[in-house]
Amino acid sequence: MSIHADPLETFREEAKEQLVVLEESLLALEEDPADQEMIAAAFRSLHTIKGSGGMFDLGSLVHFAHVVESVFDLMRNGTLHVESRIISLGLQARDHLLALLEHGDDPELQSEGALLEQAFLAYLPEKGDGAASPAAGQSAEAQSERTWRILFRPKPILFRHGANPLLLIREMEELGTILVLGFSDGIPELSSIDPTECYLAWEVLLTTTADEQAIRDVFMFVEDDADLEISLVDEVADSDLPYKRLGEILLERGDITAEALEQSVNERAFLGQTLVEKGFVSSERVHAALEEQRYVRSMRESRQTAESSNAIRVGTDKLSSLVNLVGEFVSMHANVVFTAQQKDDRDFIAVGEQMDRLIRELRDLSIEMHMVPVSGLFNGYRRLVRDLASNLGKEVRLITEGSETELDKNVIDLLKDPLMHIVRNSVDHGIETPEIRTGAGKSPTGTLKLAASYAGAHVVIRVSDDGAGMNVERIRAKAIERGVLSAESDRSEEEILQYIFAPGFSTAEQTTAVSGRGVGMDVVQRNIEQLGGSVRIASRTGEGSTVTIRIPLTLAIVEGLLARVDRNWYLVNLSYIEECLDFDTMDHENRRGYASYRGGIVPFVDMRRYFRIKGTAEKNGGQQLIVVSVDDKRVGLVVDEIQDTYQSVIKSLGRIYEKVEGISGAIMLGNGTPALVLDVDRLVRLAAREKGHE
Amino acid sequence: MIDFQVERKRDPVRVRVSGDLTFGTVEELREKLLKTMPRKGTFRLVLTDIGEFDLPGVQLLYSLCRSGESGTVTIEIDPGEAAPRIEKMLRFAGLAPISCIQS
């Protein structure tokens, strides 16, 4: 192809090539109607012809290609099955498109096209009933509105191939709300320019319900003539967060390097101005980044306004009361079912089972209303980190992950202080000063990361830093000095690290106004355990530390398996349970506490022995093994009997039970008997520790 | 084809173009501009009579202005009656105003 060919002629040639592909795809589909690749190839050909045709104002061709493409989109999404009639129609459509390309829009072709169009339209749902729009189709799975950053950097050849970026912008406009930021800073002066080459580039911020594929489809026919990067920059869950800073945006877009940012941040002047003055970036790029900030903020404001008009404000105290009442109701229902089962009252059992579904829905809905994203919690530490770092002469960058993860508001409130303590420790004792970090070959700026993720009925929060890490030997020495560890102990490094949660334990050489007096980590652990959670630390000298907190999604209601040992009842949280097995039929070694399990062995805890319950296992056996796991550790719990699942509100235990390891609360059964809620996390760790040191 | 008229040869040099400022004409226009542009002084381009224009055309205007930024010649573009159309396209394409276009 000649570089200076007429763009319309170039389009015709390329469209004919696409029609060849379309024909081949249709014929292949006739052989194998389930071939998804061929359906996608046919769709792509039609979409390319439609998109390119739009640049040359070929209205009839574009319209016809769009109708046919819409039918193939339905097949691509699995809404419509490939059948021989569609393939026949597809081949006729291919011929019609070729005729339109060669002869233009003559009256004879128009009537032929209208008939074919009707045949295709019969496959499409009525308008307003999900019919594809002339723009690239949105995903059938409607999503909430999100904002995407689309970096479109045409290659020099783009204009010569007849592509017109303005039409791409128009097509994106049809997908949602857009902010277009064009970049002209790559255009050379007159003596150096080849004016047929493209030197322009664009960033488009698009707020849409369409998915990434729908956005990519807009660029399908210029994909070889441009570099395209599409990234999600904002979604509903981020609404309460401040948007990225100027430096972050420029860095993400590749406008500046990390080194340039670091050099400029230290100037303490306006960052954008400094970057431009130092020649790191053009003022146009800084302006665009500021526009992006302004755009995302304004979209969030609009979203919040729209959301608030669809919502009513209810005090959290009322919500908490509702959740508590639902919890009590769930307990009451469980009591009714339990009592009915004990009395073998079949009528009551049947009514209870009917109520079960409704009560579960009520429970889930009330809990959901009380859940809030951890973003607010994480966000609260930004200022703390900034101020602490500044006071300590350190440079710390706080990054967050999984901010959209939701937790019971009460859990979040109770988590604030323990988490703050961990964050303070990381900044104070973990992350080093810039001088020390540079000397150690690290970036002068330390990173503190707060990450949240779901793990079954729990949420895991990790606070990690890339600081100096902990000195295991110093902790070991301190533990021996305080008499909590014998000098002969061969505990693993991981176990020794956990001594920092012991009361009054600190290895900090200097106490500071911030932390290091040994008051705190024990309180942190106690507070988290009171939430039914656990906390662990991992660390590597010179590389950093990670504190992992595991907490239940909600405090309101627990669902567990009711197990009996002698006359005592225990509740094992369902989220930990892997399976239940008949213990008596398994090979097991009581003295060492191991049982054969799935071709290997599993350590087990005999609950009768653990809780020092007198007597021996019941005659005629019937002992059960409940296999539970936490992270990668698995342990079996031996009980006399397993009953049904049971939902209830957990009641806290009095001081008498405070020091009993392995119990996190209690529930009241229907007949007034209490059942202890097992602290599975703790039991697994205790068992793993014991077995590891035999 | 683009009609290129040198209205004044001495400082300030004044050129008026008419016809389309598009992919098909930008090479020709560039050649003519380079030949006409003085080494120093002021160079004024009048666009009031231009017909269609597209992104390659707009790109050439940016390039012309850039030449003025680094050299000894002052470039001025008088958009005339084409001003609203040029402005509309720049706004649609999200491009910054062309610095040497006179308002």
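Note on naming: letters A, B, ... go to the chains in the order of the sequence lines (proteins, then strands), and numbering restarts at 1 for each one.
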- Task: Tell me, out of A:Asn164, A:Ile193, A:Leu179, A:Leu181, who's got the most heavy-atom pairs with chain B below 4.5 Å.
- Result: A:Ile193
- Most heavy-atom pairs under 4.5 angstrom with chain B, which of A:Leu190, A:Val204, A:Val180, A:Leu166?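 Heavy-atom pair counts peak at A:Leu190.
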- Query: Hey, which of B:Met89, B:Glu69, B:Arg66 has the most heavy atom pairs under 4.5 Å with chain A?
  - Reply: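 So the answer, after comparing B:Met89, B:Glu69, B:Arg66, is B:Arg66.
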- Comparing B:Leu34, B:Leu33, B:Leu60 against chain A, the one with the most heavy-atom pairs below 4.5 Å turns out to be B:Leu34
With no hydrogens and no angle check, just 3.5 Å: does a side-chain donor-acceptor pair link [X] and [Y]?
{"X": "A:Asp185", "Y": "A:Ser282", "answer": "yes"}
{"X": "A:Thr207", "Y": "A:Tyr295", "answer": "yes"}
{"X": "A:Thr196", "Y": "B:Glu27", "answer": "no"}

- Begin from the C-alpha positions of A:Glu171 and A:Phe219 and carry the test side-chain contact (heavy atoms from CB on, under 4.5 Å) through to its verdict. CA-CA 9 Å; A:Glu171 205 169 335; A:Phe219 297 90; over 6 Å; no
- Verdict with supporting geometry, A:Leu175 and A:Val218, side-chain contact (heavy atoms from CB on, under 4.5 Å): CA-CA 10 Å; A:Leu175 288 178; A:Val218 172; 3.9 Å; yes
- Query: Quick one: what part of A:Glu197 sits under 4.5 Å from any heavy atom of chain B, side chain, backbone, both or neither?
  - Reply: backbone
